[in-house]
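Worksheet for the structure shown next.
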Amino acid sequence: MALALIRTIEEFRRAREAARSAGSLGFVPTMGFLHEGHISLVRMARAENAVVAASIFVNPAQFGPNEDLAAYPRDLDRDMAMLEAAGCDLLFHPSPEEIYPPPEQDVYVVPGEIASRLEGAARPVHFKGVATVVTKLFNIVQPDRSYLGQKDGQQVAVVRRMMRDLNVPGELVVGPTVREPDGLAMSSRNTYLSAEERKVAAVVYRALCAARDLYRSGEARADALRDVIRSTLESEPLVASIDYVSVADPLTLAEAEGDVADGAMASTAIHIGKTRLLDNVILTRSAGSNT
Ligand code: PAF
């Protein structure tokens, strides 16, 4: 089936109803400028569902006033070619007015403590915007399964919690982080890095792997794990600033105190030049977890 480009909610609802008899629908929400990380989710959705839908919507509500909304990279033709090649059936690509029609939106989905930490501390409106638009998209698309990448580990935790607390139907499937050969997590924002910055950007993953290696060598103290992440990042002169270094419970994102157990999420966000990079790994005693 060729990829159908759908720009309005009404048209999407009609396509959704027409597809209902085919079987389950898998949904990959994105902001476009797709890379292998997104496409791996589309492939997972293709393998597990009769119908696959993706969305491309650069959601203004999840950007703060001084963030990169206007500069966010966009390339619809390239994205459509990639989606079609991966077997996506429906692409929902609404305008901002379609999702946020006048008068101004008054009702939002506002996550609590889980969104106040890590990314939420640095980007106060971000998860309110994410939870609101994901709720809208889920209500429009009505997916049986939705696919998000572990790369945005806190987003996964917020959406999982939102689905649980608001009894949102459907399953959330989390795909592993897809990395460049040097370990840099794929992200649409990597395109902002200069050639010189790109050469050193893998320090983020190296720092997280240093914590994972230390954990595997028997060190379980959360402070020691955070210290090795920080010192690895600080050894790279092009790291301009570190927003946070965290070892936290992967469900609540509460910062770990004392010894951590398998499954804790080590994460960080840093600036290299003007580019903000974030990444995480799950701490496990045994190898084999591909994050
Ligand atoms: O991860 C993203 O691309 C966005 O935050 C999402 C989930 C599509 C919501 O706008």
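Every number for a ligand or one of its atoms is a count from 1 in the order of the listing. Numbers here are sequence positions counted from 1.
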Exercise for the section: For the pair R74 and D79, find out whether any cationic side-chain nitrogen is under 4.0 Å from an anionic carboxylate oxygen. Expected result: no
Practice task
Assess whether salt bridge (charged side-chain N to carboxylate O under 4.0 Å, His left out) is satisfied between D182 and K199, documenting all intermediate values.
Solution key: CA-CA 9 Å; D182 66 354; K199 276 193 203 138; over 6 Å; no
Problem - Nearest neighbour of atom 9 (C) of ligand 1 from the list Q62, H126, M31, H38, on a heavy-atom basis - result: Q62
Practice task
Kindly indicate whether a cation-pi arrangement holds for R7 with F92, taking the cut-offs as under 6.0 Å to the six-membered ring centre and within 45° of the axis.
Solution key: no
Practice task
Please write down residue, atom name and distance for the protein heavy atom closest to atom 5 (O) of ligand 1.
Solution key: Q155 OE1, 2.6 Å
Fill in the blank from the handout: Note: ligand 1 atoms sitting under 4.0 Å from heavy atoms of V133 are 9 (C), 10 (O)
Practice task
Determine whether the side chains of E48 and Y147 contain a donor N or O and an acceptor N or O closer than 3.5 Å.
Solution key: yes
